[in-house]
Engineer: 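Here it is, the structure, as structure tokens.
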Amino acid sequence: MPHHKVKVLLIGPVNSGKSRFANFLCDLDASLPEDIRPTQGLRILEYEIADVEIGGHKCEVDVQLWDASGDEMYSSYWPVFRKNTDGVVFVYSQEDDYGVRKLDLMYNYFVTQPNLSPRACLACAMQSDEVFAKLSSTFSKVSKIVVNLDAQGEKVKQDFTKYVTSVVNTMTNK
């Protein structure tokens with residue numbers, strides 16, 4: 001069975017849920033302690049998706065998730081995070097208006113400047129009881145999902161697998 005590799009960057013504001021989301025996708029313990037410390041720079045996690053259809057053939061995809069800190073003190077590392085990135089996932093809290101506005105800057109750096117297709121992007125709104133923030137028109141061509149890990153975990157994994165499949169298909173059709 002053919003193998004494909006894909007590098008996906010998870011980026012977003014501090015405390016938006018990137019690490020919890022990454023842990024969930026990699027089948028690590030999704031329940032993180034309340035006093036979780038923010039990611040220091042970067043964590044790289046890997047997992048495999050089996051039986052994905054790429055170009056009409058069943059394949060396996062090795063997914064490398066780059067869980068990047070949202071802290072501005074690490075922005076000098078952004079060139080390293082961006083290098084050879086195949087897809088960018090913007091993770092944000094729907095309750096954080098300020099953080100949502102920061103996503104435009106991140107989009108410019110990680111998508112517009114390297115000329116990455118909006119089809120290689122995904123915006124993940126971490127579910128909360130109340131919804132306030134809306135993404136700007138910058139994200140009009142980006143696929144969006146609402147992430148509720150507690151109530152809709154399997155759907156989230158299916159949606160993310162569809163996203164990864166789309167990224168790999170775009171890579172193989174270049």
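As a basis for the values below, the full set of heavy atoms in this structure was taken, side chains included, without hydrogen atoms, waters or symmetry mates. Computed from a prediction, not measured in an experiment: that's the story for all the values here. All residue numbers in this chain count up from 1 along the given sequence.
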Engineer: Is it the case that the ring center of Phe160 lies less than 6.0 angstrom away from the ring center of Tyr163?
Structural biologist: yes
Engineer: Within this structure, what is the CD1-NZ distance for the pair Ile49 and Lys162, rounded to the nearest 0.5 Å?
Structural biologist: 12.5 Å
Engineer: Classify the side-chain pair Asn23/Arg43 by whether it contains a donor and acceptor separated by less than 3.5 Å.
Structural biologist: yes
Engineer: If I take atom CZ from residue Arg82 and atom CE from residue Met106, how far apart are they, to the nearest 0.5 angstrom?
Structural biologist: 14.0 Å
Engineer: To the nearest 0.5 Å, tell me how far Ser117 OG sits from Lys141 NZ.
Structural biologist: 9.0 Å
Engineer: Are Leu25 and Phe21 side-chain neighbours, meaning at least one heavy-atom pair lies under 4.5 Å?
Structural biologist: yes
Engineer: Please give me the minimum heavy-atom distance between Val147 and Cys124, naming the atom from each residue.
Structural biologist: CG2-CB, 3.7 Å
Engineer: With no hydrogens and no angle check, is any side-chain donor or acceptor of Asn108 less than 3.5 Å from a backbone partner on Asp104?
Structural biologist: no
Engineer: Could you report the tightest heavy-atom contact between Trp66 and Val80, atom names first, then the distance?
Structural biologist: CZ3-O, 3.9 Å
Engineer: Would you indicate whether Glu48, at its atom CD, is surrounded by more than 12 heavy atoms from other residues, nucleotides or ligands within a distance under 6.0 Å?
Structural biologist: yes
Engineer: Quick one, Tyr109 and Pro79 - any side-chain contact, counting heavy atoms below 4.5 Å?
Structural biologist: yes
Engineer: Verify the neighbour count for atom OH of Tyr47: are there more than 12 heavy atoms of other residues, nucleotides or ligands below 6.0 Å?
Structural biologist: yes
Engineer: How many angstroms lie between CZ in Phe110 and CD1 in Ile11, if you round to the nearest 0.5 Å?
Structural biologist: 4.5 Å
Engineer: For Phe139 versus Tyr107, what's the shortest heavy-atom pair and its separation?
Structural biologist: CE2-CD1, 3.8 Å
Engineer: Please step through side chain to side chain contact (heavy atoms under 4.5 Å, CB included) for the pair Asp62 and Glu46, ending with a clear verdict.
Structural biologist: CA-CA 7 Å; Asp62 294 325; Glu46 297 179 308; over 6 Å; no
Engineer: Please determine whether side chain to side chain contact (heavy atoms under 4.5 Å, CB included) holds for the pair Val6 and Val164, giving the CA-CA distance in whole Å, both sets of side-chain angles, and the decisive distance to 0.1 Å.
Structural biologist: CA-CA 8 Å; Val6 64; Val164 169; 3.9 Å; yes
Engineer: Any sub-3.5 Å donor-acceptor pair from Lys18's side-chain atoms to Gly12's backbone N or O?
Structural biologist: yes
Engineer: Flag the pair Ile44 / Gln64 as yes when at least one side-chain heavy-atom distance between them is below 4.5 Å, and no otherwise.
Structural biologist: yes
Engineer: Between Ile145 and Asp159, which heavy-atom pair has the shortest distance, and what is it?
Structural biologist: CG2-OD2, 3.9 Å
Engineer: What closest approach, in Å, do Thr85 and Leu116 show between heavy atoms, and which atom pair accounts for it?
Structural biologist: O-CD1, 4.1 Å
Engineer: Is it true that a side-chain atom of Lys58 and a backbone atom of Ala50 form a donor plus acceptor pair closer than 3.5 Å?
Structural biologist: no
Engineer: Does any non-hydrogen side-chain atom of Met126 lie less than 4.5 Å from one of Val91?
Structural biologist: yes
Engineer: Rounded to the nearest 0.5 Å, what's the gap from OG on Ser69 to CZ on Phe81? Could you check?
Structural biologist: 7.0 Å
Engineer: Is the side chain of Lys102 donor-acceptor paired with the backbone N or O of Val14 at a distance under 3.5 Å, no angle test?
Structural biologist: no
Engineer: Tell me whether Leu135 shares a hydrophobic cluster with Val146, the cluster being built from Ile, Leu, Val, Met, Phe, Trp, Tyr side chains joined at under 4.5 Å.
Structural biologist: no
Engineer: Which atom names give the shortest non-hydrogen contact between Ala123 and Val142, and what distance separates them?
Structural biologist: N-CG1, 3.7 Å
Engineer: Hey, could you give me the NE2/NE2 distance between His4 and His57, rounded to the nearest 0.5 Å?
Structural biologist: 9.5 Å
Engineer: Decide side chain to side chain contact (heavy atoms under 4.5 Å, CB included) for Thr172 and Ile54; before the verdict, give the C-alpha distance in whole Å, the side-chain angles of both, and the deciding distance to 0.1 Å.
Structural biologist: CA-CA 8 Å; Thr172 58; Ile54 307 293; 4.0 Å; yes
